[in-house]
There are 2 protein chains.
Amino acid sequence: MTRRSGNQALIDRLERADIRPSAQRVAIAGYVLSTADHPSADDVWQRVKVDFPMVSRATVYNTLQLFTEHGLLRQLVLAEGKVVFDPMVEPHHHFVDDETGAIEDIPWSALRVGKVDELEGVDVREYMVVVRGRRRRP
Amino acid sequence: MTRRSGNQALIDRLERADIRPSAQRVAIAGYVLSTADHPSADDVWQRVKVDFPMVSRATVYNTLQLFTEHGLLRQLVLAEGKVVFDPMVEPHHHFVDDETGAIEDIPWSALRVGKVDELEGVDVREYMVVVRGRRRRP
DNA sequence: GCCGATATTTAGACATAGTCTAACTGCGCC
DNA sequence: GGCGCAGTTAGACTATGTCTAAATATCGGC
Ligand SMILES: [Mn+2]
Ligand SMILES: [Mn+2]
Ligand SMILES: [Zn+2]
Ligand SMILES: [Zn+2]
């Protein structure tokens with residue numbers, strides 16, 4: 001299965017991450033590596049199927065796992081029953097809307113967290129602030 | 001179904017929270033309201049069944065939900081595939097051990113978070129720092 | 001270009017957390 | 001004692017995620 005391109009940048013990105021750019025992987029990457037949403041695996045599957053109806057659920061799950069292992073995505077667990085994927089792999093914080101469940105990024109510099117290095121007896125790998133509440137009506 | 005007591009304090013606590021203290025609810029409360037763990041619903045079920053073998057899974061789920069609605073517990077989602085319950089309802093932060101999955105409380109005063117009130121366009125209900133890493137070998 | 005080896009994809013079975021339903025139990029009140 | 005209701009129960013059902021075994025695509029050597 002080959003794909004007419006415009007996808008060269010995406011293919012390069014996968015190859016730089018040591019991932020063979022199969023058609024399915026490029027299709028999945030095309031959505032998930034550039035979204036500002038924080039989609040679940042099934043969200044990604046639904047979206048990719050629009051352009052690529054034959055892609056299987058297993059392939060989407062496997063591919064998201066692969067991208068995560070190769071540092072292109074992060075997995076987040078912020079709400080019940082759903083792992084979501086985040087293409088912003090640099091440290092940042094998150095806001096979770098109580099009403100809609102939407103997850104939004106908060107830039108690292110927008111909040112200030114102190115004294116993490118004073119925690120006793122732990123080697124910290126990462127940390128983030130999770131803010132919950134409501135987006136204000138405009 | 002009646003239960004020999006020593007449970008009067010627990011019964012009072014449920015009644016103060018406007019919850020009728022059935023035998024099942026008292027048994028569940030006896031574990032979940034005083035644990036330092038952050039147990040899942042099925043963890044609670046397994047534990048309560050030791051002393052109370054006939055309790056059903058639905059009752060445990062319903063009761064934990066009820067306790068949460070009445071402010072005796074909080075639900076946390078910090079790792080995949082499992083909602084956990086936390087009897088410490090005051091604001092605090094959490095450490096998640098990458099190796100064991102164990103969740104530990106970090107007192108509110110142990111970390112310092114600034115600029116949350118400067119976030120634009122959101123009404124903040126709560127926030128916490130989630131720290132991930134490894135507990136250091138002693 | 002063909003061929004065997006390897007990597008990837010696929011459908012569907014399986015596992016598990018959580019929800020829902022409909023029947024049953026037991027207590028409070030007449 | 002019988003009625004009504006809150007609470008409990010077993011089990012069916014749903015949804016997310018994992019696993020398997022077979023099919024397919026790609027690659028490197030010829
Ligand atoms: Mn979704
Ligand atoms: Mn558990
Ligand atoms: Zn993010
Ligand atoms: Zn806690």
Side-chain angles (χ1 to χ4, degrees), chain A residues 1-3 7 10-11 14-15 17-30 32 38-49 51-70 72-85 101 103, chain B residues 1-3 10-11 14-15 17-30 32 38-49 51-70 72-73 75-85 101 103:
Chain A
M1 220 180 240
T2 322
R3 224 104 224 283
N7 298 16
L10 220 42
I11 290 171
L14 295 184
E15 286 180 336
D18 262 315
I19 294 171
R20 283 177 51 178
S22 71
Q24 287 88 336
R25 287 171 180 175
V26 173
I28 293 166
V32 82
H38 293 74
S40 70
D42 276 354
D43 288 338
V44 175
W45 188 36
Q46 294 308 322
R47 179 63 100 91
V48 171
K49 271 198 294 190
D51 295 320
F52 207 141
M54 298 315 298
V55 74
S56 80
R57 199 157 162 273
T59 294
V60 172
Y61 275 80
N62 290 341
T63 298
L64 293 171
Q65 188 59 42
L66 184 73
F67 287 2
T68 302
E69 284 162 5
H70 288 247
L72 299 180
L73 291 177
R74 274 208 289 179
Q75 289 189 334
L76 301 178
V77 184
L78 293 173
E80 198 207 299
K82 215 159 257 181
V83 173
V84 300
F85 292 88
I103 297 166
Chain B
M1 222 179 238
T2 323
R3 228 98 229 280
L10 220 42
I11 290 171
L14 294 184
E15 286 179 337
D18 262 316
I19 295 171
R20 283 180 49 180
S22 71
Q24 287 89 335
R25 287 171 179 174
V26 173
I28 292 166
V32 80
H38 293 75
S40 70
D42 277 353
D43 288 338
V44 175
W45 188 34
Q46 295 308 323
R47 179 63 100 93
V48 171
K49 272 198 294 191
D51 296 319
F52 206 141
M54 298 314 298
V55 73
S56 80
R57 199 155 164 272
T59 295
V60 172
Y61 275 79
N62 289 342
T63 299
L64 293 171
Q65 188 59 41
L66 184 73
F67 287 2
T68 302
E69 285 162 5
H70 287 246
L72 300 180
L73 291 177
Q75 289 190 333
L76 300 179
V77 184
L78 293 173
E80 197 207 301
K82 216 157 256 182
V83 172
V84 300
F85 293 87
I103 297 166

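Protein chains get the first letters and strands the later ones, always in sequence-line order, with residue 1 at the start of each.
At a cut-off of 3.5 angstrom, the base of D:dG17 holds at least one donor-acceptor pair with the side chain of A:R57.
Rounded to an integer number of Å, the gap from B:I28 CD1 to D:dT9 P is 8 Å. Distance CH2 (B:W45) to C1' (C:dT19): 14 Å, rounded to an integer number of Å. One can place NZ of B:K82 at 14 Å from P of D:dG17, the figure rounded to the nearest angstrom. Here the P atom of nucleotide C:dT10 and the CZ atom of A:F52 are 7 Å apart, to the nearest Å. Atom CG of A:L78 is separated from atom P of D:dT16 by 16 Å (rounded to the nearest Å).
At the phosphate of D:dT9, OP1 or OP2 sits under 4.0 Å from a side-chain N or O atom of B:T59.
Checking B:S40 against B:D43 by side-chain atom types alone, a donor-acceptor pair falls below 3.5 Å.
Residues from residues 60-68 of chain A with heavy atoms under 4.0 angstrom of DNA chain C: there are none.
Nearest-nucleotide positions on DNA chain C for B:R20 and B:G81 put B:G81 closer to the 5' end.
Annotation for B:R25: atom CZ counts as buried by contact number, over 12 foreign heavy atoms lying within 6.0 Å.
Residue B:S22 is in sugar-phosphate contact alone, with no base atom involved, counting any heavy-atom pair closer than 4.0 Å across all strands shown.
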